[in-house]
Amino acid sequence: MTDTLSSTSPTLFFGWDIPFMAYVGLVPISLDENGMRGRLPFKPELTNNRGDVHGGTLMSVLDFAMGSAARFGTDTGSGVATINMNTDFLSPGTGDLSIEGRCTRRGRSIAFCEGVIYDSQGQVVARSTAAFKILQRRPGGD
């Protein structure tokens with residue numbers, strides 16, 4: 001999937017316009033029944049005082065990856081809201097990073113997911129689990 005980052009045209013993430021993911025520079029690669037894959041090119045603006053990718057950035061892209069996996073296969077127009085998210089930071093995020101998220105169980109209203117971020121050598125930078133509320137659009141609602 002080709003993705004363009006510009007201030008004049010929104011970046012679509014598997015059909016969804018998500019300005020914050022465009023801002024951090026997440027590049028979506030694939031979304032299917034096996035989960036979501038993406039990459040986060042290194043940007044100095046996203047680092048902490050040590051020069052590592054900030055933990056908040058890592059959690060945000062994990063949340064998006066897992067949420068995308070939770071949303072895959074639901075009715076068109078459905079959304080998800082994060083209920084709970086636990087993240088372990090295992091090593092510094094330096095350089096370009098790979099992100100994966102997958103849904104481990106989806107019920108009618110709740111989905112359980114896990115996500116992992118890898119560095120360019122394949123070392124795990126962070127891992128996360130989360131629960132998402134599946135939101136059905138209501139007629140006349142948003």
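Numbers for residues simply follow the sequence, beginning at 1. Only a predicted model underlies this, so the values are computations on that prediction, with no experimental measurement involved.
D63 and T82 share a donor-acceptor pair across their side chains, judged by distance under 3.5 Å alone.
Of all non-hydrogen atoms in I99 and L97, the two that sit nearest each other are CD1-O, 3.8 Å. Of all heavy-atom pairs between G101 and A69, the closest is O-CB, 3.7 Å. Residues G79 and R71 approach most closely at CA-NE, 3.8 Å, considering heavy atoms. Considering every non-hydrogen atom in both K43 and V24, the closest pair reads CD-O, 3.5 Å. Here the closest non-hydrogen pair linking F42 and V53 is CD1-CG2, 4.2 Å.
D96 has its side chain out of reach of S120: every pair of non-hydrogen atoms, C-beta onward, lies at least 4.5 Å apart. By the 4.5 Å heavy-atom criterion applied to side chains, C103 and F132 are not counted as neighbours. Within the 4.5 Å cutoff, no side-chain heavy atoms of L46 are placed close to those of H54. Between I110 and K133 the shortest side-chain heavy-atom distance falls below 4.5 Å. Side-chain contact between T87 and L58 is absent, with no heavy-atom pair separated by less than 4.5 Å. Side-chain contact check for V27 versus L40: every heavy-atom pair is 4.5 Å or farther apart.
Between atom CD1 of residue I117 and atom OG of residue S98 there is a gap of 9.5 Å, rounded to the nearest 0.5 Å. Rounding to the nearest 0.5 angstrom, the gap separating the CG atom in D32 from the CZ atom in R37 is 9.0 Å. Taking OG1 of T94 as the reference point, atom CG of D52 lies at 6.5 Å (rounded to 0.5 Å).
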Please walk me through it: do E33 and F72 pass side-chain contact (heavy atoms from CB on, under 4.5 Å)?
CA-CA 7 Å; E33 65 278 353; F72 182 80; 4.1 Å; yes
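Taking hydrophobic clusters as Ile, Leu, Val, Met, Phe, Trp and Tyr residues chained together by side-chain heavy-atom distances below 4.5 Å, V80 does not share a cluster with F112. Note on F89 and M85: same hydrophobic cluster, where clusters join Ile, Leu, Val, Met, Phe, Trp and Tyr whose side-chain heavy atoms are under 4.5 Å apart, directly or indirectly.
Using the six-membered ring where Trp is involved, F14 and F64 have ring planes that are parallel, under 30° apart on the 30 and 60° scheme.
In the hydrophobic clustering (ILVMFWY side chains linked at under 4.5 Å, chained through shared members), V116 is joined by L90, Y118, V124.
Looking at residues two or more places apart in sequence or on another chain, you find a side chain to side chain contact (heavy atoms under 4.5 Å, CB included) between S60 and F20, M21.
Sorted by first and then second residue, the side-chain hydrogen bond (donor to acceptor under 3.5 Å, both in side chains) pairs involving residues 102-113 (not counting sequence neighbours) are R102-E114.
Checking side-chain atoms of S128 against main-chain N and O of L62 turns up no donor-acceptor pair under 3.5 Å.
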